[in-house]
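Have a look at the structure below before the remarks.
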There are 2 protein chains.
Amino acid sequence: MKIQPLLDYMSKYISLTDHEVTLLKSKLVYRKYLKGQFILQQGDVCKYACFVVSGCTKTFHVDEQGLEHIIMFSIEDWWTSDMGSFITQTPADFNVQCLENTELIMFSYDTIEELYRQIPKLERFFRQIIERAFVASQKRIIRSFSLSAKERFLYFRNQYPKIEQRIPQYMIASYLGITKEFLSKIKSQLIIEQ
Amino acid sequence: MKIQPLLDYMSKYISLTDHEVTLLKSKLVYRKYLKGQFILQQGDVCKYACFVVSGCTKTFHVDEQGLEHIIMFSIEDWWTSDMGSFITQTPADFNVQCLENTELIMFSYDTIEELYRQIPKLERFFRQIIERAFVASQKRIIRSFSLSAKERFLYFRNQYPKIEQRIPQYMIASYLGITKEFLSKIKSQLIIEQ
DNA sequence: CAGTAATGTTAAACTAGTTTAACATGATTT
DNA sequence: AAATCATGTTAAACTAGTTTAACATTACTG
């Protein structure tokens, strides 16, 4: 289990004793997925909150018309899960699929409450992680209201330069809430403008 | 201080001893605002996370073109704050304004860390509150992608029947991300369809 | 390495939602 | 009671983004 990336990440929020690290390790699941595999399928109950050690995933929702809407991408040092399904143990709104071979450290719903009891500091850690995720989600709502598709694309390109080259363009369009044709148009406009 | 509504609300998540309630009480701020008053202004640092005891607030963002976008309404038993500004103590993206005379119980940034230390259970309480807020925010993103303006309006009307009658229509339009003119059109279409 | 599937581009016709402006209504102030 | 202001409606012209379809390109797969 490559646990070091997670420990480095956690050390930014809390400090764990050796004994706590051992305890934590014993409750975690380490798993490798291949490109294309689903970590979670819409309608299933989400059993794991996952930390991405390596690789890339997309989280997406399929609406009633069968259209795919990408909510987020997750790469190294990010989290991926359907938080709503995880915390309430009800059917997921999202699919999570690997866009590359991906290694995950998974916190299972069945053991996380026990972990909180044994290591109360984790309660603090997860509160802070979720605060950040919530803030990012709210900022995204602001952008969807107040920016045009072109401005949203420029923001995306700036914020995730690494992801832009790793994934197909139609997925970026889906993340931006536009069609791949319109993204194509925006990009050719941007080239002309220069 | 009308603290009972907050205690009732908290009892759904954690149970506090009498001593803890006394401690908590001593750290809270209770305040009344008049209709129209601002609890927070965009650009200021948010010092308080507020529980609404009575009244109604709107949380909105003013974009670079000066257009107002309503992010949420908060009524009795809801929270209101700019979480991003509160946790990072950086300038707020949002304004929070009272739509009615409003009574709040306010958790100050300066005392909340101390409270977490003295009553570790609060860490758990806020983790759960923020989890829920995050999930609500993500569901709103799904709706903005996968529903038409008409469907979003029907969803709003269904989810917040009490709020619909308490506030002006142009604020509902702003919440839905459309113009008041288009909301007017949607409503007249809905009447014709019946 | 040929054939098929997945991805990306261009362009024309279309539609959801905006903008502007004129007018109606009710509430608040003088 | 008149005047002003905030809110709400209607309608016409407009625009951002979609849909459809044809074609180009890249990348798997047998």
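Here the structure is a predicted model, which means the values were calculated and not measured. The sequence lines fix the lettering, A, B, ..., with proteins before strands; numbering per chain opens at 1.
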Original post:
So, are K2(B) and E103(B) salt-bridged, with charged N and O less than 4.0 Å apart?
Top reply: yes
Residue [X], side-chain heavy atoms: nucleotide from [options] that is nearest:
{"X": "F182(A)", "options": "dT18(D), dA21(C), dT10(C)", "value": "dT18(D)"}
{"X": "Y170(B)", "options": "dT10(C), dT19(C), dT7(D)", "value": "dT7(D)"}
{"X": "I178(A)", "options": "dA21(C), dG17(D), dT7(C)", "value": "dG17(D)"}
{"X": "S184(B)", "options": "dT10(C), dG17(C), dT9(D)", "value": "dT9(D)"}
{"X": "A149(A)", "options": "dT20(D), dG17(D), dG8(C)", "value": "dG17(D)"}
{"X": "Q169(A)", "options": "dT9(D), dG17(D), dG8(C)", "value": "dG8(C)"}
{"X": "P168(A)", "options": "dT7(C), dT9(D), dT18(D)", "value": "dT7(C)"}

Original post:
Is NZ or CZ of R140(B) both nearer than 6.0 Å to the six-membered ring centre of Y175(B) and within 45° of the ring axis?
Top reply: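 Yes; both conditions hold, so R140(B) lies above the ring face of Y175(B).
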Original post:
Is the NZ or CZ atom of K58(A) positioned over F60(A)'s six-membered ring, under 6.0 angstrom from the centre and within 45° of the axis?
Top reply: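 Here K58(A) passes the 6.0 Å and 45° test against F60(A).
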Subject >> Identified side-chain hydrogen bond (donor to acceptor under 3.5 Å, both in side chains) partner of Q42(B) from the options D93(B), N95(B), D82(B) >> reply: N95(B)
**OP:** Nearest-nucleotide wise, let me know which of K180(B) and I186(B) is further upstream toward the 5' end of DNA chain C.
**Re:**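 Closest to the 5' end, via its nearest nucleotide, is I186(B).
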